[in-house]
Asker: 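Input: one structure, supplied below.
Each chain gets a letter, A, B and so on, in the order the sequences are listed, and its residues count up from 1. All values below were derived from every heavy atom in this structure, side-chain atoms included, with hydrogens, water molecules and symmetry-related copies excluded.
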Protein chains: 2
Amino acid sequence: MEKYDCLKLENQLCFPLYACSKEITRKYKPLLDKLDLTYTQYIAMMFLWEHKEANVKTLGEALFLDSGTLSPLLKTLESKGFVERERNKQDERNLVIKLTKKGENLREKAVDVPPSIAKCVNLSANEAQMLYNILYKILNGGKDSGKNN
Amino acid sequence: MEKYDCLKLENQLCFPLYACSKEITRKYKPLLDKLDLTYTQYIAMMFLWEHKEANVKTLGEALFLDSGTLSPLLKTLESKGFVERERNKQDERNLVIKLTKKGENLREKAVDVPPSIAKCVNLSANEAQMLYNILYKILNGGKDSGKNN
DNA sequence: ATAAATTATATTGTATACAATTTAATTATA
DNA sequence: TATAATTAAATTGTATACAATATAATTTAT
């Protein structure tokens, strides 16, 4: 074990994580192009499909993104007609993001995406579950997620 | 199992991968600030510390980056005095990137980074190895890496 | 040998990311 | 109740990412 071994790319854990994330995002592109969404826009829409509406803070916490990323992204989604942006009447600081009809309808086309991606990533069910658990353990700051199925 | 369950964020594998990658990169920032490097510049330097020199193509294949990202990044590294950029005399299409003395010396300070990051990511040795293997399996297109230690 | 194809890098354009700052609204406090 | 502190978004500035295109050098094919 040489002094500089810890600086070799092949000994990093973060590097394959970084590379993998990008490679998978790239695989999404042709699928998401059909929906007129980028990957980041897609995960924002996923949150909205599930929760119907959200403010920027909530969305940011769920997606690990800040307003610097979300503000322009949400304007883009609005310009595409997928969401509406309006201030909360009770607390004008909050921006309420809601799906439009067009945004809701997009969900129908989007259901084809996850199965297509699954085909690109050739992991066994066990490996996928393992990966999932370890990633959430990292995201939760070292605490186990408890999921086993 | 509802029709739209596959579109829930919590059922995605790519999302925690994407979020995890970003969160860990964020943890690098204060450490890399001391070296005057960004994360992407850091992995480029890692390759150069190990291989002494490289052209853009080689670097791009190793880092999963294209010339659109690397060209400006390498100019930045040059402006910081860490690398030299010169055309290969035998084949002027190739740009040869070499470490400067300052770039080589930075390696001494960089050896402190990996141990500091390891402390931030609370995984068991077994989990880390598992994660490593699965990520490379994905990067290699579904073929197992064969590494077990 | 010269046009055509290929290769390597750079450039352009769009979209993230995120730290830091700013702005506006609300809440807490003196 | 005026002021301070806090909160939520937006903006600014820097640095990726990457597809698509452009440019220049080299190689291949005619």
Asker: Hey, does A:Thr38 reach any base, or is it just sugar-phosphate, or nothing, if we go heavy atoms under 4.0 Å?
Answerer: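 Sugar-phosphate contact only.
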Asker: Tell me the interatomic distance from B:Leu70, atom CG, to C:dA10, atom P, rounded to whole angstroms.
Answerer: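 My rounded result for the distance is 9 Å.
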Asker: Using whole Å, what does the distance between atom C1' of nucleotide C:dT7 and atom CD of B:Glu61 come to?
Answerer: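 To the nearest whole Å, that distance equals 12 Å.
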Asker: Could you list where the contact with chain B starts and ends along DNA chain D, reading 5' to 3', using a 4.0 Å heavy-atom cut-off?
Answerer: D:dA15 to D:dT26
Asker: Tell me whether the side-chain N/O atoms of B:Lys75 come closer than 4.0 Å to OP1 or OP2 in C:dT11.
Answerer: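 For B:Lys75, the contact criterion (side-chain N or O under 4.0 Å from OP1 or OP2 of C:dT11) is met.
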Asker: Testing B:Leu35, B:Leu31, B:Asp36 for side chain to side chain contact (heavy atoms under 4.5 Å, CB included) with B:Lys109, which one passes?
Answerer: B:Leu35
Asker: For C:dT12, which nucleotide is its Watson-Crick or G-U wobble mate, given both distances must be under 3.5 Å?
Answerer: D:dA19
Asker: Where is the tightest heavy-atom contact between B:Leu135 and A:Leu13, given as atom of each residue plus distance?
Answerer: CD1-O, 4.2 Å
Asker: Look at all strands and tell whether A:Ser67 reaches a base, only sugar-phosphate, or nothing, counting heavy atoms closer than 4.0 Å.
Answerer: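 It contacts base atoms.
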Asker: When you measure from every atom of DNA chain D, which of residues 82-96 of chain A have a heavy atom less than 4.0 Å away?
Answerer: A:Arg85, A:Arg87, A:Arg93, A:Asn94, A:Leu95
Asker: Identify whether any heavy atom of A:Thr40 sits under 4.0 Å from a base atom; if not, whether one sits that close to sugar-phosphate; answer base, sugar-phosphate or nothing.
Answerer: sugar-phosphate
Asker: Shortest non-hydrogen contact from B:Leu95 to B:Arg85?
Answerer: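 Smallest interatomic distance, heavy atoms only, reads CD2-NE, 3.8 Å.
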Asker: Could you tell me how far apart B:Asn55 (CG) and C:dA10 (C1') are, to the nearest whole angstrom?
Answerer: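 My rounded result for the distance is 14 Å.
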Asker: Please determine if B:Arg26 and B:Glu23 form a salt bridge, counting it only when a charged side-chain N lies under 4.0 Å from a carboxylate O.
Answerer: yes
Asker: Can the ring centroids of A:Tyr39 and B:Tyr18 be said to lie less than 6.0 angstrom from one another?
Answerer: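 When the ring centroids of A:Tyr39 and B:Tyr18 are compared, they turn out to be within the sub-6.0 Å range.
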Asker: What's the spacing between A:Met45 CE and B:Leu9 CG if we round to 0.5 Å?
Answerer: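 Rounded to the nearest 0.5 Å, the CE-CG separation comes to 12.0 Å.
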Asker: Kindly work out whether a path of hydrophobic side-chain contacts (I/L/V/M/F/W/Y, heavy atoms less than 4.5 Å apart) joins B:Val96 to B:Leu59.
Answerer: no
Asker: Taking the nucleotide of DNA chain D with the nearest heavy atom to each, does A:Tyr18 or A:Asp66 sit closer to the 5' end?
Answerer: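 Result of the comparison: A:Asp66.
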Asker: Tell me which of A:Pro72 and B:Thr76 sits closer to the 5' end of DNA chain D, going by the nucleotide each one is nearest to.
Answerer: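 Residue closer to the 5' terminus by nearest nucleotide: A:Pro72.
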Asker: Which label fits A:Tyr28 and A:Tyr42: parallel for a plane angle under 30°, tilted from 30 to 60°, or perpendicular past 60°?
Answerer: tilted
Asker: Do the side chains of A:Lys57 and A:Glu61 get close enough for a salt bridge, i.e. N-O under 4.0 angstrom?
Answerer: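 The answer is yes: the pair qualifies as a salt bridge.
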